[in-house]
Amino acid sequence: MKDQLSFVLKVFLLSVVISLLIKYVGPFIFIPATSVNALIIVLFPTVMMAIALAWRFQAHKQS
């Protein structure tokens with residue numbers, strides 16, 4: 001039970017930090033509104049998850 005609570009607290013704190021960065025630092029970052037940038041922003045999480053899962057699959061396959 002303690003492990004689950006600590007995991008939830010870590011996720012909560014990480015989301016708070018990301019939220020504050022978006023709110024206070026985000027407006028100072030200039031990203032031009034182009035279709036390429038939109039595609040990068042939309043597809044980046046999916047590509048990163050695919051890489052992480054492929055890496056994990058390879059590690060599991062070798063052991």
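Remark: Leu9 pairs with Leu5 by the side-chain contact (heavy atoms from CB on, under 4.5 Å) rule, at least two apart or across chains. Thr34 pairs by the side-chain hydrogen bond (donor to acceptor under 3.5 Å, both in side chains) definition with Asn37, not counting sequence neighbours.
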Donor-acceptor list for residues 52-60 side chains, cut-off 3.5 Å, not counting sequence neighbours:
none

Side-chain donor-acceptor distances from residues 41-50 under 3.5 Å, at least two apart:
none

Side-chain donor-acceptor contacts of residues 12-24 below 3.5 Å, not counting sequence neighbours, with atom names and distances?
{"residue": "Ser15", "atom": "OG", "partner": "Val11", "partner atom": "O", "Å": "3.3"}
{"residue": "Ser15", "atom": "OG", "partner": "Phe12", "partner atom": "O", "Å": "2.7"}

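Here Phe28 sits alone; no ILVMFWY side chain lies under 4.5 Å from its own, so it joins no hydrophobic cluster.
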